[in-house]
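Right, one structure below, let's go through it.
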Amino acid sequence: MPHIVILDGYTENPGDLSWSGFADLGELTVYDRTAPADAAARIGAADIVLTNKVPVTAAVMDACPALRYIGVLATGVNVVDLPAAAARGLTVTNIPAYSTASVAQFTFALLLEICHHVGEHTASVRRGVWANSPDFTYWDYPLIELAGKTMGLVGFGQIGQAVARIAQAFGLRVLACNARGTTGVTESGVTLAPFEDVIARSDIVSLHCPLTDANRGLIDAAAIGRMKPGAILLNTARGPLLVERDVADALNAGRLSAAAVDVVAEEPIRPDNPLLTARNCFITPHIAWAPFEARARLM
């Protein structure tokens with residue numbers, strides 16, 4: 001039977017799921033967490049390795065000659081040296097559709113928090129502000145209606161398309177760009193346009209593309225300068241798509257009215273990440289993918 005090693009199983013299964021399906025396939029070793037420096041030693045003579053965020057580099061592959069298959073417990077495959085795997089005849093797979101509904105839903109959780117500040121208003125009510133108000137209502141932040149605005153999607157794969165459907169239900173016009181550079185109008189009414197047009201014409205820009213060498217730092221000061229003044233930026237894709245210092249500067253200057261990110265360039269987030277102190281920036285700890293239902297599909 002093959003030997004299967006899971007390098008960082010805790011985030012996928014903190015105890016509410018079962019690894020038994022994998023145990024049925026072979027000898028199974030599960031590590032909750034693995035430091036990158038320990039990856040090769042822990043894979044050892046295993047035939048199969050599963051990883052979420054632990055890099056599987058060319059050096060790791062060379063140190064583990066019995067390895068035949070690398071499974072990524074995620075959609076993005078940027079943690080695996082794909083050319084090195086191909087050169088060594090190793091099969092690499094990811095799981096591209098497990099989190100589509102969850103990430104699309106979470107995109108709007110972020111956007112609606114920006115629009116209504118539900119958490120802050122709830123906290124103010126609990127502090128007694130409403131009980132002591134001279135009026136039947138109050139709001140501490142501008143409230144934003146989405147209907148009639150334009151949402152631009154950078155990336156139009158399964159998640160981008162799911163986001164577009166929800167956006168249209170809110171009455172948003174939807175623009176999108178895809179990796180092929182397609183233009184025109186889809187059957188669902190989404191306008192496909194070049195990246196520059198999408199970011200320039202959108203009130204809300206939302207990222208749903210994989211991280212590649214070509215798009216690392218895609219949203220920098222120059223890109224922000226082409227956006228509408230006061231645009232909203234959302235990132236539920238990969239942190240390095242943003243130049244975080246540029247985004248923080250744009251928020252603090254009011255060039256962007258708000259940003260919400262579920263991912264950052266280095267995770268866990270560093271205490272000196274400029275987004276932590278940026279004006280009107282909402283940050284969540286990479287949880288868009290993590291509802292129970294999505295993790296069950298992933299497994």
Side-chain angles (χ1 to χ4, degrees), residues 97 99-122 136-178 181-209 218-219 223-224 226-237 241-242 247 250-251 254-263 279-284 287-289 291 293-294:
S99 66
T100 299
S102 294
V103 176
Q105 173 182 306
F106 196 81
T107 298
F108 280 87
L110 295 176
L111 180 55
L112 292 173
E113 180 64 18
I114 289 171
C115 291
H116 300 292
H117 292 262
V118 171
E120 292 290 341
H121 283 109
T122 297
F136 77 95
T137 184
Y138 68 93
W139 52 94
D140 292 334
Y141 302 88
L143 305 177
I144 301 169
E145 183 178 277
L146 292 175
K149 291 181 172 58
T150 299
M151 187 172 195
L153 308 178
V154 180
F156 199 57
Q158 293 188 66
I159 292 173
Q161 291 173 44
V163 170
R165 291 190 293 271
I166 300 171
Q168 289 172 324
F170 274 103
L172 285 156
R173 294 183 293 268
V174 181
L175 307 177
C177 57
N178 61 23
T182 308
T183 59
V185 180
T186 70
E187 291 183 0
S188 62
V190 175
T191 299
L192 297 176
F195 168 74
E196 292 78 9
D197 290 350
V198 169
I199 64 171
R201 295 164 56 189
S202 298
D203 302 292
I204 304 144
V205 175
S206 189
L207 306 185
H208 302 286
C209 52
L218 180 69
I219 304 300
I224 294 167
R226 295 194 294 272
M227 294 182 191
K228 288 184 177 182
I232 293 169
L233 176 64
L234 308 175
N235 187 14
T236 54
L241 293 169
L242 308 184
V247 173
L251 288 165
R255 186 64 182 74
L256 293 172
S257 67
V261 301
D262 186 49
V263 288
R279 169 188 167 275
N280 214 20
C281 187
F282 298 78
I283 306 172
T284 50
I287 56 173
W289 70 285
E293 295 85 351

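- Note that the CE atom of Met227 and the CD1 atom of Ile199 stand 5.0 Å from one another [nearest 0.5 Å].
- Between His116 atom NE2 and Leu111 atom CG the span is 8.5 Å, to the nearest 0.5 Å.
- Here the CG atom belonging to Leu207 is positioned 8.0 Å from the CG atom belonging to Leu234, to the nearest 0.5 angstrom.
- Between Glu113 atom CD and Tyr141 atom OH the span is 9.0 Å, to the nearest 0.5 Å.
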Any chance you could lay out the side-chain contact (heavy atoms from CB on, under 4.5 Å) test for Val205 and Lys228, step after step, and finish with the verdict? CA-CA 10 Å; Val205 175; Lys228 288 184 177 182; over 6 Å; no

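- In this structure, Phe195 has no ring pair (Phe, Tyr, Trp, His ring centres under 6.0 Å) partners at least two apart in sequence or on a different chain.
- The nearest pair of heavy atoms linking Leu143 to His121 is CD2-CE1, 4.2 Å.
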Please output the side-chain donor-acceptor pairs of residues 153-167 that fall under 3.5 Å, not counting sequence neighbours, one pair per line with the distance.
residue	atom	partner	partner atom	Å
Gln161	NE2	Phe156	O	3.0
Gln161	NE2	Gly157	O	3.4

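- Nearest heavy-atom pair, Leu256 versus Arg279, reported as atom, atom and distance to 0.1 Å: O-NH1, 3.6 Å.
- No donor-acceptor pair closer than 3.5 Å links the side chain of Glu120 to the backbone N or O of Asp140.
- Across all their heavy atoms, Pro194 and Thr183 have their closest contact at CD-CG2, 4.1 Å.
- The minimum heavy-atom distance between Glu145 and Lys149, with the atom names listed, is O-NZ, 2.7 Å.
- When all heavy atoms of Ile224 and Ala250 are compared, the closest pair comes out as CG2-CB, 3.7 Å.
- Screening Thr107, Leu175, Ile232, Asp203 against Met151 for a side chain to side chain contact (heavy atoms under 4.5 Å, CB included) leaves a single residue, Thr107.
- Looking at Arg173 and Thr191, their side chains never come closer than 4.5 Å, going by heavy atoms from C-beta outward.
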Decide side-chain contact (heavy atoms from CB on, under 4.5 Å) for Leu192 and Thr186; before the verdict, give the C-alpha distance in whole Å, the side-chain angles of both, and the deciding distance to 0.1 Å. CA-CA 7 Å; Leu192 297 176; Thr186 70; 3.8 Å; yes

With side-chain contact (heavy atoms from CB on, under 4.5 Å) as the test, would you mind laying out the steps for Val261 and Val247 before giving the verdict? CA-CA 11 Å; Val261 301; Val247 173; over 6 Å; no

Show, in sequence, the C-alpha distance, side-chain angles and deciding distance for Thr284 and Asp262, and conclude whether the side chain to side chain donor-acceptor pair (under 3.5 Å) test is met. CA-CA 5 Å; Thr284 50; Asp262 186 49; 2.7 Å; yes

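- Taking CZ from Phe282 and CD1 from Ile114, the interatomic distance works out to 5.5 Å, rounded to the nearest 0.5 Å.
- Across all their heavy atoms, Arg255 and Arg226 have their closest contact at NH2-N, 4.4 Å.
- A 6.0 Å sphere centred on CD of Gln105 holds no more than 12 heavy atoms belonging to other residues, nucleotides or ligands.
- Note on ring orientation: taking the six-membered ring where Trp is involved, the planes of Phe108 and Phe170 are parallel (angle under 30°, cut-offs 30° and 60°).
- Rounding to the nearest 0.5 Å gives a distance of 10.0 Å between CG of Asn235 and CG of Leu218.
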